[in-house]
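The sequence lines fix the lettering, A, B, ..., with proteins before strands; numbering per chain opens at 1. Hydrogens, waters and symmetry mates are skipped; everything else that's a heavy atom, side chains included, is used.
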Amino acid sequence: MGRTLKFNIFRFNAEDPASVPHMDGFRLEETEAMTLFIALNRLREQQDPTLMFDFMCRAGICGSCAMMINGRPDLACHTKTKDLPAEITLLPMPVFKLIGDLSVDTGTWFRSMNEKVRSWIHTDNRFEPGEEEERMDNALAENIYELDRCIECGCCVAACGKAAMMPDKFMGATAFCRITRFMVDPRDERKSDEYFEVVGNEEGIFGCLGLLGCEDTCPKNLPLQDQLAMLRRKMGFSQIRHLFSGK
Amino acid sequence: MLADETIPQIRPVRAEAWLEFVQVLTGVALVAFMWMHMLLVASINVDLGGGRVLNLIARFFEASDMTQIGGPLIAAVMLVHFVVAARKLPLRVREQRAIWSHSLSFHHTDTWLWVVQAGTAFIILILGSIHMWTVLTTLPITAAKSAGRIQGRWWLGFYLVLLPMVELHVGIGVYRAGVKWGLIKRASRKASARFETKLALAMIAIGLVSLFTFLVLTKA
Amino acid sequence: MGAGLAGERVAVAAAVSGFDCLCLSIVPPRRSHSSAAQGGMQASLGNCAMGRGDSPDIHFADTVKGSDWGCDQEVARLFARTAPVAVREMAFWGIPWNRVVAGKGFYYKAGKKYEKIEPAERAGTITARDFGGTAKWRTCYTSDGTGHTLLYTMDSQVVRLGIEVHDRVEALALIHDGESCTGVVARCLKTGKLRVYLARATLIATGGYGKLYRESTNAVINWGDGAAIALDTGLVPIGNPEAVQFHPTGIVPTNILVTEGCRGDGGTLKDVDENRFMNIYEPEKQELASRDVVSRWMTHHIRTGKGVPGAYGAHLWLDIRHLGAEHIKTKLREVEEICKEFLDRDPVTQLIPVRPAQHYSMGGVRTDRDGAAYGLKGLFAAGEAACWDLHGFNRLGGNSLAETIVAGKIVGEKIVEFLRGGETDFKTSVVHRAVEKVRERIDAVTGSSGKENVYLLRAAMGDVLMDQVGIFRNEADLRDAVEKLQAIYERSKKIGLRSSSVHGANPELSACLRLPGMVRLALCIARGALMRTESRGAHAREDYPERNDRDWLKRTLAYWKDDRELLPVLDYELPSRVWEMPPGERGYGSIKIIASEDPGICSPRPETN
Ligand SMILES: Cc1cc2nc3c(=O)[nH]c(=O)nc-3n(C[C@H](O)[C@H](O)[C@H](O)COP(=O)(O)OP(=O)(O)OC[C@H]3O[C@@H](n4cnc5c(N)ncnc54)[C@H](O)[C@@H]3O)c2cc1C
Ligand code: HEM
Ligand code: HEM
Ligand code: SF4
Ligand code: F3S
Ligand code: FES
């Protein structure tokens, strides 16, 4: 302990005509069990009240606080200063629209992603209030949950070179993972072709270069590598089936 | 208010799926060829530069017309692979800038691997074409002829560049194809990467030994 | 207002009936605090072995007991009856509820291992886990992310139905003419611009007000905006503001919750000398006493100077080392993860720093059984922001997620009825006045030459509430707290902005606009607590330790009639119209009861509808 941390923080306020993008330096005494959540709030409350950043749950479950921490995207609230060098550089995540300083608009991005991949259970059944629930094997339920754990933080998108090259179009690992979540769910009646329609293209799974920045940064440790491969195979082979079925 | 629930019945663009297969299959085909090729060239080492084994093999391939047909075929596969894979390359200035600044700030091995693969691809395209043209227009292949080329300084430098480029591209390519299609799983990724690195280094080593043999032992 | 579980469930109900609706939220909907709930949601499905024989009747009884007879029994009935349907509906929409696995299994209670057998004929139905204060295992869950899956699934329906959500928009005031509410004035947190939203029906579903307190397990945006805005009208009361629940084990420094399971499985609490103390205060139940009891003794022990000093104030230790690595790594995995991820501590070999923290606000915008707020037509409330009054003076774990969805469903349908029932007039003059008022508030802050620092004031308020309106309450402290809060309220009118530029969202400006409302709400809590001279549920008076059904079987209604006032006006009403279950013993946290003398309350009556 007892270190003085030096922060280099990206500053820009798009709404202020006088603002130009630049880096600001701050100094802060490190305290025990300090996370970037504590550090940034202290900076705002004690040094610069205009500093913009987002936190919500401060417990690594809501996905609000992703930013570039010394070059890598991660959740600020679960990043301990102890694990960082004394000089810490914070940048907003790329790809997403900048709101100000470290704050980016992930809300709009994820809503449009969810619309694009039609991320809900598609079924022709109707809910019958009086009936018992459809049964499901517990192992399957846990498997779905495993894929449902994505917190839409955006780290996998910020860590993806393909998304950097194709910022407004490429869907990102989170979308692929979401699709596989519905694929394994028997309640969703969509067929391969319907999924193919959504992700079987350059903006989708075939645009993925296998860079695995997503896999290596996902703070929830979702099995992205394996899910992406599964999706690529499923989508690829569904077309081979078409060749043989002559359609 | 309700978003449209039925998926519109347009035929999806299937081309992307096929191109993806073509890319990986041509890649793998080229890899298979490159390994064979390396072994053939390495046969020069078997009799310590005597060239008898290599000549034998070369004659066999030519006599059975495999070189005459296979050579252009390989060239064609390479062309197809190039055309298909080039879709992925950042061709616009904006994309170039994006991927460079991304890779430079984001210290991440697998991202660099791709950058290296894309970079080596360009060099292979040019040098590989020159090489194939030279070899295939001066058939038959003999140990002496090859040694002659390599003992000329210019060609030596040429191969010293091409060899590591090819092996990097091949090594990375196999690993990445495995990752992308799921042959390499999360659990086996580290081990596979290590294996691929060793394999690539071994191939480079074999290539260097062959070049050395051509350079020093084989009589032009 | 609000795109958490409650807000979105109401929106879905309205959209399904063909109405246009729009959700406002400070954060993207899926980041709402509902996502943080891990434990689960109660519904009496009775599928699993330990839940066999469960029914809405038992759920109802548990809820009423839990509330210490402070809840509305009609609401509790309605709730218990609807919860199973709500859970199944969520399953239909895609929640991967954990399911019954046939065969032998084990569970732990008080550190001991027990065996249970699940019969094959129930395999694959939705299972449940054990939660405090329930007679049966009734809490449905998805591993450790129940709130997360619920909220994501709910939002998937919102996306499916094309319901618009404006995120990063903060409601600042209601538009009303003294009779009907016709929308809100809001501020965009991307651009900083004011916006007007007109609506025939307005819903407050803004969640709890935990962040008034210095230490709270709530998310950092749970400032109680909805309650503050409602209070601001002078017409809408806050029900039972003093009913605030605390949790014994928030970790220090960030107050992230670690589960009760730690103590349930045999974990112990220790002080600065690493000695246990719960065995002294509660020889019988020790660490297993109920949430509020443990929280109280922890606070007491810290006050006697036995806390562990630290950079973030004094705390105590939670010790689970003796449970062993295997147990911790399997049964208490979340705890291990939280410790490692946020504290860099290994609970297998190290102690965990904990202290009690605010956890849940039972109080909120007072509504009737249909979710319609008192005082204004066209205004509704649901979820933690509301005092529908399901929880009375103590909420049971797992009942609040259930409330958001059940209330959302019911209130949503009632709003649809309301919308079908008649027309609304929008008066431009009313809109104009509302906007002007908000603009004046902004100008007052930005143009102020005041020297008060908003963050310091907010911290001062948090200190007063935590230290004097916390777990233990007594007259002297409460009186003092009210005075201090009044002083803070006065000072809050002299806040000066320290920011160099006020363009855009400016977080400091947001805080300034919010603070006066927060302090008013804090005053409602403190004043309500001061006046209530009894102990009931989470409201514990040291000077009035008995539950007094004779004088206090009633619900507080706090109004703030005028900006210039320094105190809320308190009014009271009977907690329930129907007394299906007359007041009695809870069966835990035993205290003395002064019985009610009202015959209408004391004899049980059949359920009416
Ligand atoms: C750590 C923790 C664990 C919990 N675990 C459980 C559990 O296991 N089981 C259980 O039943 N309950 C649990 N709870 C309680 C439960 O999570 C909450 O009571 C419930 O989620 C509240 O939901 P809500 O929809 O009412 O509000 P929230 O989910 O808090 O949503 C509030 C919404 O209002 C919006 N909003 C707020 N202010 C404004 C404004 N001014 N303008 C516009 N929008 C605004 C927000 O953006 C948000 O969208 C837990 C709570 C905590 C703190
Ligand atoms: C002998 C020569 C070559 C061999 C053995 C070879 C092999 C491979 C392999 C196995 C892959 C992985 C396939 C995949 O990821 O789907 C690959 C990818 C690639 N190759 Fe080649 N290749 C060769 C030549 C070339 C040439 C000449 C180019 C031309 C520019 C090229 C460009 C690429 C690119 C850009 C990729 C990456 C594509 C992606 O990641 O999606 N390669 N190559
Ligand atoms: C059918 C086509 C090919 C034939 C017949 C062929 C033949 C040969 C021969 C005879 C040599 C010995 C050196 C010489 O004679 O100059 C050689 C070396 C080499 N070739 Fe090829 N080649 C072919 C295609 C390729 C391709 C496509 C590549 C890579 C893109 C390649 C890369 C190399 C390299 C790097 C060497 C040096 C080898 C070493 O030291 O191991 N060749 N090749
Ligand atoms: S997949 Fe992982 S990194 Fe990507 S958004 Fe989800 S949680 Fe974040
Ligand atoms: S980083 Fe990007 S390219 Fe694919 S493997 Fe992950 S999405
Ligand atoms: S603040 Fe919620 S994940 Fe960091």
> I'd like to know whether C:Asp144 forms a side-chain hydrogen bond (donor to acceptor under 3.5 Å, both in side chains) with A:Tyr145, so could you lay out the CA-CA distance, the side-chain angles of the two residues, the decisive distance to 0.1 Å, and finally the verdict.
CA-CA 10 Å; C:Asp144 54 2; A:Tyr145 173 65; 2.9 Å; yes

> Can you tell me which portion of C:Tyr152 sits under 4.5 Å from chain A's heavy atoms? Options are side chain, backbone, both or neither.
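Side chain only.
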
> So for C:Ser32, is it side chain, backbone, both, or neither that comes closer than 4.5 Å to the heavy atoms of chain A?
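It is the backbone, since no side chain atom gets that close.
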
> Given a strict heavy-atom distance threshold of 4.5 Å, which part of C:His33 is in contact with chain A: side chain, backbone, both, or neither?
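The answer is both parts of C:His33.
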
> Determine the option with the most heavy-atom pairs under 4.5 angstrom with chain C, choosing from A:Asn114, A:Ile144, A:Asp137.
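So the answer, after comparing A:Asn114, A:Ile144, A:Asp137, is A:Asn114.
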
> Is it the backbone or the side chain of C:Ala459 that comes under 4.5 Å from a heavy atom of chain A, or both, or neither?
neither

> Under 4.5 Å, counting heavy-atom pairs only, tell me which of A:Ile61, A:Thr79, A:Asn143 racks up the most with chain C.
A:Ile61

> Let me know if C:Leu509 has heavy atoms under 4.5 Å from chain A in its side chain, its backbone, both or neither.
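C:Leu509 has no heavy atom closer than 4.5 Å to chain A.
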
> Using non-hydrogen atoms and a 4.5 Å limit, figure out which bit of C:Asn222 sits close to chain A: side chain, backbone, both or neither.
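Neither the backbone nor the side chain of C:Asn222 comes within 4.5 Å of chain A.
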
> Determine which residues belonging to residues 94-108 of chain A lie within contact range of chain C, meaning some heavy atom pair is under 4.5 Å apart, and list them by number or answer 'none'.
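From residues 94-108 of chain A, the residues near chain C are A:Ile99, A:Ser103, A:Val104, A:Asp105, A:Thr106, A:Gly107, A:Thr108.
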
> Quick check: closest heavy atoms across C:Ile163 and A:Arg111, and the distance to 0.1 Å?
O-NH2, 2.7 Å

> Looking at CG of C:Asp344 and CD of A:Glu32, how far apart are the two atoms once the value is rounded to the nearest 0.5 Å?
10.5 Å

> Are there residues of residues 14-27 of chain A that reach to under 4.5 Å of chain C by heavy atoms, and which ones?
A:Glu15, A:Asp16, A:Pro17

> Are A:Ile38 and C:Tyr312 side-chain neighbours, meaning at least one heavy-atom pair lies under 4.5 Å?
yes

> Quick one: what part of C:Val165 sits under 4.5 Å from any heavy atom of chain A, side chain, backbone, both or neither?
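Backbone plus side chain of C:Val165, per the 4.5 Å heavy-atom cut-off to chain A.
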
> Under 4.0 Å between a side-chain nitrogen and a carboxylate oxygen: does that hold for A:Glu132 and C:Arg122?
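Salt bridge present between A:Glu132 and C:Arg122.
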
> Heavy-atom pairs under 4.5 Å with chain C are the metric here; pick the option from A:Gly63, A:Pro129, A:Gly60 that has the most.
A:Gly63

> At a 4.5 Å cut-off on heavy atoms, which part of C:Val85 comes close to chain A: side chain, backbone, both, or neither?
both

> So which part of C:Ile95 gets closer than 4.5 Å to some heavy atom of chain A, the side chain, the backbone, both or neither?
backbone

> Output the option from A:Asp83, A:Thr35, A:Asp54, A:Asp185 having the highest count of non-hydrogen pairs under 4.5 Å with chain C.
A:Asp54

